[in-house]
Amino acid sequence: MDTMQICQLTKRQLAAVYQDHMIHDFQAAELKPLRMMLDAIGRGEYICLGCYIQETLCGYAMLVQVGADLLLDYYAVIEKFRNSGLGSRFLGMLRGQFNEMDSMLIESENPDYMKNDAERQTAERRLRFYARCGCQDTGVTAQVFGVEYRILEMPAGKLHSQDEIRSVYAKLYHSFLSAPRYNRHMLLR
């Protein structure tokens, strides 16, 4: 099995990943502007990681970090590496890299709100993937810029209550959204 390693992406590498992969891997409604990510990096609140086998990028993870709390903002395996088990290995490596954090939250599209059967099946497949990797459905849902999510937690010690999850999730989003934008575009349940 090839040796994988996780490396922090430079701003230039992030821009390349954004243009070459993220705009294709995520719906436009889900994708933050690159400038917002770069600004958050400058504030020390955004971590951009690449998963490599030798010199080849095979996946990426973008995380919001505020204190000891993380939100897995974007996570994807490059298309030609999908369905190979690499996604589970990469997520496991992330868990190990951030095992000292208080919480790691994950947004996964809520299948109950998908427009058609194909989208619903894709959303359900993602939820099953995260469950196989040990992530827990918190029972908290959110609407973010019109996209419906279930909020999952990757255990980093103890699991948190729904109230704690809502508080951490709101704190993470407040780090890069102004109060008026948060109030206009976020609905946390």
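Heavy atoms only: backbone and side chains are in, while hydrogens, waters and symmetry mates are out.
Here the shortest heavy-atom pairing between Q19 and H24 reads O-NE2, 3.9 Å. Closest of all the heavy-atom pairs between Q136 and P155 is CG-CG, 4.1 Å. The minimum heavy-atom distance between S88 and C133, with the atom names listed, is OG-SG, 3.8 Å. Residues V66 and S175 share a closest heavy-atom pair of CG2-CB, 3.5 Å.
Hydrophobic clustering, with ILVMFWY side chains joined whenever heavy atoms are under 4.5 angstrom apart, groups L31 together with V17. Using a 4.5 Å cut-off between side-chain heavy atoms of Ile, Leu, Val, Met, Phe, Trp and Tyr, with links allowed through other members, F26 and M62 fall into the same hydrophobic cluster. Note: the hydrophobic cluster containing Y113 does not contain L187 (ILVMFWY, side chain heavy atoms under 4.5 Å, direct or indirect links). Follow the hydrophobic side-chain contacts under 4.5 Å out from I106 and you reach L188 in the same cluster.
Counting non-hydrogen atoms of neighbouring residues, nucleotides and ligands closer than 6.0 angstrom, the CG atom of N183 exceeds 12 such neighbours. No more than 12 heavy atoms of other residues, nucleotides or ligands shown are found within 6.0 angstrom of CZ on R12.
Separation of the Y60 and Y74 ring centroids does not fall under the 6.0 Å cut-off.
Side chain of S167 to backbone of D163: no donor-acceptor contact under 3.5 angstrom is found. No donor-acceptor pair under 3.5 Å is formed between the side chain of E124 and the backbone N or O of Q121.
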Original post:
Hey, mind stepping through R150 and D112 against salt bridge (Lys or Arg N to Asp or Glu O under 4.0 Å) and telling me if it holds?
Top reply: CA-CA 10 Å; R150 289 188 186 170; D112 299 338; 3.3 Å; yes
Subject >> Test log, rule side-chain contact (heavy atoms from CB on, under 4.5 Å), inputs H160 and V168 >> reply: CA-CA 10 Å; H160 296 83; V168 168; 5.7 Å; no
Original post:
Should R35 and D39 be marked as a salt bridge (Lys or Arg N to Asp or Glu O under 4.0 Å) after you check the CA-CA gap, both sets of side-chain angles, and the distance that decides it?
Top reply: CA-CA 6 Å; R35 170 62 32 214; D39 290 347; 3.2 Å; yes
Solution key, residues 137-146 side-chain donor-acceptor pairs under 3.5 Å, sequence neighbours excluded:
from : atom 1 : to   : atom 2 : distance (Å)
D137 : OD1    : G139 : N      : 2.9
T138 : OG1    : V140 : N      : 3.1
T138 : OG1    : I151 : O      : 2.6
T141 : OG1    : R189 : NH1    : 3.0
Q143 : NE2    : E148 : OE2    : 2.8

Show which side-chain atoms of residues 125-132 pair as donor or acceptor with protein atoms under 3.5 Å away, not counting sequence neighbours.
from : atom 1 : to   : atom 2 : distance (Å)
R126 : NH1    : E109 : OE1    : 2.5

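Counting heavy atoms from C-beta outward, I41 and C48 have side chains that approach closer than 4.5 Å. Put simply, the side chain of M104 does not reach to within 4.5 Å of the side chain of L71, judged on heavy atoms. You'll find the side chain of F90 reaches within 4.5 Å of the side chain of M4, heavy atoms only. With a 4.5 Å cut-off on side-chain heavy atoms, H21 and L57 count as touching. Contact of the E153 side chain with the C135 side chain is not registered, since no non-hydrogen atoms from C-beta on lie closer than 4.5 Å. By the 4.5 Å heavy-atom criterion applied to side chains, L105 and L72 are not counted as neighbours. Inter-residue side-chain proximity for F176 and K32 is flagged as met; some heavy-atom pair is nearer than 4.5 Å. Between Y169 and L172 there is no side-chain heavy-atom pair separated by less than 4.5 Å.
Counted by atom type alone, Y75 and E107 present zero donor-acceptor pairs between their side chains at under 3.5 Å. Side-chain atoms of D73 and Y46 form a donor-acceptor pair, as typed in the model, at a separation below 3.5 Å. D69 and Q65 share no side-chain donor-acceptor pair at under 3.5 Å.
Atom OG of S103 and atom CD of E164 lie 9.0 Å apart (nearest 0.5 Å). To the nearest 0.5 Å, atoms CD (Q5) and OH (Y52) are separated by 9.0 Å. Summarising the geometry, atom CE belonging to M36 is positioned 5.5 Å from atom CG belonging to L177; distances are rounded to the nearest 0.5 Å. Note that CD of E119 and CE of M114 are 6.0 Å apart. Values are rounded to the nearest 0.5 Å. In this structure, SG in C58 is found 7.5 Å from CD1 in I78, a value given to the nearest 0.5 Å. Note that CG of L94 and CG of N99 are 11.5 Å apart. Values are rounded to the nearest 0.5 Å.
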